[in-house]
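See structure below.
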2 protein chains.
Amino acid sequence: MATKRQGTKLKKEPMCRTEIPGIIQFDLEEVGGVNGLNKRLPSKKNIEKISAIHHALSDPVRIHILYLLAIQPLCVCVIKECIGIAGSKLSYHLNIMKESGLVDSEQQGNWIIYRITEKGKKYAEETA
Amino acid sequence: MATKRQGTKLKKEPMCRTEIPGIIQFDLEEVGGVNGLNKRLPSKKNIEKISAIHHALSDPVRIHILYLLAIQPLCVCVIKECIGIAGSKLSYHLNIMKESGLVDSEQQGNWIIYRITEKGKKYAEETA
DNA sequence: CAGCTATTTCAAACTAATATGAAATGCGTA
DNA sequence: TACGCATTTCATATTAGTTTGAAATAGCTG
């Protein structure tokens, strides 16, 4: 009766674990069980960083921009012409890419020139 | 008046292009202008593929799973215990990872064992 | 300064992704 | 066959991301 549901979620309840397939069981013990697994993982913060950069690359418009800037630095109006989207939309995507460090920008008079960063290059080279 | 808005979006309107910064202009001409740029880009289909794989990696839960499976194959119940999320949620994420080819699965009696694929390994090694 | 252009910002509308819990499926065992 | 367990499926709720067009900024040029 101690194990009856009590409204709140139980944190460390004996889950399945009456038995698990042999192949897994063996390796799992070697590695130190669930705790052993968890110790070998990147930190939560790191996991979030990694997923964040992938998120920045998860939109076709942004990949398009990335490959454009891998060719040469460009001002917004040229990117806009290449891709054929509204300025405000482009600005939105450029901002995401800038925040995640894939590109940076520099003002030149009336124009703003975007260039790919080293980090951005790394991802542009990955699949091309 | 021919250039007045007429409800539908104009496709090839003379955009900015009265002038652009010299540094860009020069390189841009070298490369064959906007058309030259566009020729060097991956196809639309490829761009979509690339963004799709990044999308599959854009959630912390999935990155967590990826790194777990990089250590060893695991059945769902162990993954569930490591991460501490509801089964249905886990199933949802596993499915996305499977569809994008990062992991695959094999049934063993009552259990389903997930393993990382070669493609998955590639991304797990990338940052770790 | 006034007017022009390039770019960004903003709020609202729209769309896509994720979370949740209950029910379904499927295998193994009694 | 009936039951128990691991996993998935489904419908719905919730949240996050994207698009849109209008307005705001900011640098030039005259």
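Convention: sequence-line order gives letters A, B, ...; per-chain numbering from 1. This structure is a prediction, so every number in the text was calculated from the model and none was measured.
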To the nearest angstrom, the NZ-P distance between A:Lys80 and C:dA6 comes to 8 Å
Please state how far atom CD1 in B:Ile20 lies from atom C1' in C:dA6, giving the value in whole angstrom units. 13 Å
Not counting sequence neighbours, which residues clear side chain to side chain contact (heavy atoms under 4.5 Å, CB included) with B:Leu41? List them please. A:His64, A:Tyr67, A:Leu68, A:Ile71, B:Asn38
Just the rounded figure in Å: distance from C1' of C:dA17 to CG of B:Leu57. 16 Å
Could you pull out the closest heavy-atom pair between A:Ile20 and A:Gln25, with the gap in Å? CG1-OE1, 3.1 Å
Length of the CD1-C1' vector between B:Ile96 and C:dA19, whole Å: 12 Å
Counting only side-chain nitrogens and oxygens, does A:His93 get under 4.0 Å of the OP1 or OP2 atom of D:dT19? yes
What does the list of N/O pairs under 3.5 Å between the protein and nucleotides 8-11 of chain D look like, with a distance for each?
{"unit_1": "D:dT8", "atom_1": "OP1", "unit_2": "B:Tyr114", "atom_2": "OH", "d": "2.6"}
{"unit_1": "D:dT8", "atom_1": "OP2", "unit_2": "B:Ser91", "atom_2": "OG", "d": "3.1"}
{"unit_1": "D:dT8", "atom_1": "O5'", "unit_2": "B:Ser91", "atom_2": "OG", "d": "3.3"}

Rounded to whole Å, the CD1-P distance (B:Ile83 to C:dA19) equals 11 Å
Sequence neighbours excluded, every pair satisfying ring-ring contact (aromatic ring centres under 6.0 Å, His included) that has a member inside residues 27-60 of chain B: A:His54-B:His54
Using a 3.5 Å cut-off and no angle test, enumerate the donor-acceptor pairs between side-chain atoms of residues 82-99 of chain B and protein atoms at least two apart in sequence or in another chain.
{"unit_1": "B:His93", "atom_1": "ND1", "unit_2": "B:Arg62", "atom_2": "NH1", "d": "3.1"}
{"unit_1": "B:Lys98", "atom_1": "NZ", "unit_2": "B:Ser105", "atom_2": "OG", "d": "2.8"}

Touch check for A:Ile113, heavy atoms < 4.0 angstrom, all strands: base, sugar-phosphate only, or nothing? nothing
Of all heavy-atom pairs between A:Leu28 and A:Leu37, which one has the smallest distance, and what is that distance? CD1-CD1, 3.6 Å
D:dT18 P sits how many Å from A:Ile63 CD1, rounded? 12 Å
Which distance, rounded to the nearest 0.5 Å, do you find between the NZ of A:Lys80 and the CG of A:Leu74? 14.5 Å
With sequence neighbours left out, what residues match A:Gln107 under side chain to side chain contact (heavy atoms under 4.5 Å, CB included)? A:Ile112
Only counting residues at least two apart or in another chain, list the ones meeting salt bridge (charged side-chain N to carboxylate O under 4.0 Å, His left out) with A:Glu106. A:Arg115
Tabulated below should be each protein N or O lying under 3.5 Å from an N or O of nucleotides 24-29 of chain D; please produce it.
{"unit_1": "D:dG27", "atom_1": "N2", "unit_2": "A:Asn110", "atom_2": "ND2", "d": "3.2"}

Rounded distance (Å) that lies between atom C1' of D:dG17 and atom NE2 of A:His54: 18 Å
Taking only N and O in the side chain of B:His55, is any of them less than 4.0 Å away from OP1 or OP2 of C:dA16? no
Using salt bridge (charged side-chain N to carboxylate O under 4.0 Å, His left out) as the criterion, list what pairs up with B:Arg40, not counting sequence neighbours. none
Could you write out each protein N or O paired with an N or O of nucleotides 12-15 of chain D at a distance under 3.5 Å?
none

Sorted by chain and residue number, the side chain to side chain contact (heavy atoms under 4.5 Å, CB included) partners of B:Lys119 (sequence neighbours excluded) come out as B:Ile53, B:Thr117, B:Tyr123
Length of the line joining A:Glu81:CD and C:dT5:P, which is rounded to integer Å: 16 Å
What nucleotide, of C:dA6, D:dT7, D:dT18, holds the atom closest to the side chain of A:Asp59? D:dT18
ring-ring contact (aromatic ring centres under 6.0 Å, His included): pairs with one or both residues in residues 26-53 of chain A, sequence neighbours excluded: none
Pairing residues for B:Glu118 by the side-chain hydrogen bond (donor to acceptor under 3.5 Å, both in side chains) criterion, not counting sequence neighbours: B:Lys121
